[in-house]
Asks: 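Quick one: the structure is below, questions incoming.
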Amino acid sequence: MFARVYEIVAQVPYGHVVTYGQIARAIGLERGARVVGWAMRYCPEGLPWHRVVNAQGGISLNNAPETVPLQRALLESEGIHFDRTGHLDLSQYRWEGI
DNA sequence: GGGCTGACTGACG
DNA sequence: ACGTCAGCCAGCC
């Protein structure tokens with residue numbers, strides 16, 4: 001199942017992001033966002049995991065808070081702007097190619 | 001098959 | 001904007 005998740009994440013273009021719910025919907029799990037998060041724990045090498053954010057346009061990584069600054073830095077290096085509350089504008093960066 | 005877990009989500013106060 | 005609560009679903013004992 002996670003193979004599908006990785007496949008979707010790998011398709012996200014530079015400078016764009018997708019939400020967990022979006023990925024879940026793409027693989028047929030309308031309300032299986034948690035499953036996506038669970039699959040992401042394995043973080044295969046070469047996967048643009050930093051382009052996956054929660055429905056609020058923020059960074060979730062509850063189990064690895066140390067990687068949050070890293071993810072944010074990676075996204076900013078791709079031209080994605082964060083507001084003062086640490087969220088990005090999904091209406092502007094969300095990838096609709098699923 | 002039963003129960004627990006979680007990088008989630010949407011609704012409420 | 002922030003903390004809490006209850007659904008949700010695949011995997012792993």
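Below, chains carry the letters A, B, ... as their sequence lines are ordered, and counting in each starts from 1. No experiment lies behind these values; they were computed from the predicted model shown.
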Asks: Grab the CD-C1' distance between A/E30 and C/dG7 for me, whole Å please.
Replies: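 A/E30 atom CD is separated from C/dG7 atom C1' by 14 Å.
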Asks: Consider the side chain of A/M40, meaning its heavy atoms from C-beta on, and name the nucleotide among B/dA7, B/dT9, B/dC8 that approaches it most closely.
Replies: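 Of all the options, the side chain of A/M40 is nearest to B/dA7.
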Asks: To the nearest Å, give me how far apart CZ (A/R25) and P (C/dC8) are.
Replies: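 Rounded to the whole Å, the gap is 17 Å.
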Asks: Heavy-atom nearest nucleotide on DNA chain C for A/H87 versus A/V35: which residue maps closer to 5'?
Replies: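 With A/H87 and A/V35 compared, the 5'-side residue is A/H87.
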Asks: With distance as the sole test, does A/E78 use its side chain to make a donor-acceptor pair with the main-chain N or O of A/P13 at under 3.5 Å?
Replies: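 Not at all, since once roles are kept as given, no pair shorter than 3.5 Å links the two residues.
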Asks: Counting just side-chain N and O atoms, does A/R41 come under 4.0 Å of either OP1 or OP2 of B/dA7?
Replies: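 Yes, A/R41 has a side-chain N/O under 4.0 Å of OP1/OP2 on B/dA7.
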Asks: In whole Å, what is the span from the CD1 atom of A/I27 to the C1' atom of B/dC8?
Replies: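 About 13 Å, once rounded to whole Å.
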Asks: Between B/dT9, C/dA1, B/dC8, which one does the side chain of A/S60 approach most closely?
Replies: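 That would be B/dC8.
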Asks: When you measure from the side chain of A/Q71, which nucleotide among C/dG7, B/dA7, C/dG11 comes out closest?
Replies: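 Given the options C/dG7, B/dA7, C/dG11, the side chain of A/Q71 is closest to B/dA7.
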Asks: Can you say whether the rings of A/Y42 and A/W38 are parallel (under 30°), tilted (30 to 60°) or perpendicular (over 60°)?
Replies: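 Correct class here is perpendicular.
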Asks: Under a 3.5 Å cut-off for both distances, is C/dC13 Watson-Crick or wobble paired, and to whom?
Replies: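 Across all strands, the one nucleotide that pairs with C/dC13 is B/dG2.
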Asks: Specify the separation, in whole Å, of atom CZ of A/F82 and atom P of C/dA1.
Replies: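 Spelled out: CZ on A/F82 to P on C/dA1 is 15 Å.
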Asks: Hey, which sits more toward the 5' end of DNA chain B by its nearest nucleotide, A/W38 or A/A55?
Replies: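 This one resolves to A/W38.
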Asks: To the nearest 0.5 Å, tell me how far A/H50 NE2 sits from A/L74 CG.
Replies: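 That separation rounds to 5.0 Å.
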Asks: Both distances below 3.5 Å, Watson-Crick or wobble geometry, any strand: find the nucleotide opposite C/dA6.
Replies: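 Here C/dA6 is engaged in a pair, and the nucleotide opposite it is B/dT9.
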Asks: Could you please name the option among C/dG11, B/dA7, C/dC9 that lies closest to any side-chain atom of A/M1?
Replies: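 The answer is C/dG11, which lies nearest to the side chain.
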Asks: Report the nucleotide, chosen from C/dA10, B/dT9, C/dC8, that has the shortest atom-to-atom distance to any side-chain atom of A/A33.
Replies: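 Of all the options, the side chain of A/A33 is nearest to B/dT9.
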Asks: Give the rounded distance in Å between these two atoms: OH of A/Y20 and C1' of C/dC8.
Replies: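 My rounded result for the distance is 17 Å.
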Asks: Counting side-chain heavy atoms from C-beta on, which of C/dC8, C/dA1, B/dG10 comes nearest to A/Q56?
Replies: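 Shortest atom-to-atom distance from the side chain points to B/dG10.
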Asks: Quickly work out the A/Y42 OH to B/dG6 C1' distance and round it to whole Å.
Replies: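 Taking OH of A/Y42 and C1' of B/dG6, I get 11 Å after rounding.
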Asks: For C/dC8 and B/dC12, measure between their P atoms and round to the nearest Å.
Replies: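 Their P atoms lie roughly 16 Å apart.
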Asks: For A/L29 and C/dC8, give me the distance from atom CG to atom P, rounded to whole Å.
Replies: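 Computing the A/L29:CG to C/dC8:P distance gives 13 Å.
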Asks: Atom CZ of A/R31 to atom P of B/dA11: distance rounded to whole Å?
Replies: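 Computing the A/R31:CZ to B/dA11:P distance gives 11 Å.
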Asks: Taking donor-acceptor contacts at under 3.5 Å, does the side chain of A/R34 reach the base of C/dG11?
Replies: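 Between C/dG11 and A/R34, which were checked side chain against base, a qualifying N/O pair under 3.5 Å is absent.
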Asks: Choosing from B/dT9, C/dA10, C/dG7, which nucleotide comes nearest the side chain of A/N54?
Replies: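 Nucleotide nearest to A/N54's side chain: B/dT9.
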Asks: From the options A/T67, A/I59, A/I80, select the one residue that forms a side chain to side chain contact (heavy atoms under 4.5 Å, CB included) with A/R72.
Replies: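 The passing option is A/I59.
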Asks: Would the distance check show the side chain of A/Y20 and the main-chain N or O of A/S60 forming a donor-acceptor pair, the cut-off being under 3.5 Å?
Replies: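 The answer is no, because no donor-acceptor pair under 3.5 Å joins these two groups.
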Asks: Would a distance-only check, ignoring hydrogens and angles, find a side-chain to backbone donor-acceptor pair under 3.5 Å from A/E7 to A/R4?
Replies: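 Flag not set: sc A/E7 to bb A/R4 has no pair under 3.5 Å.
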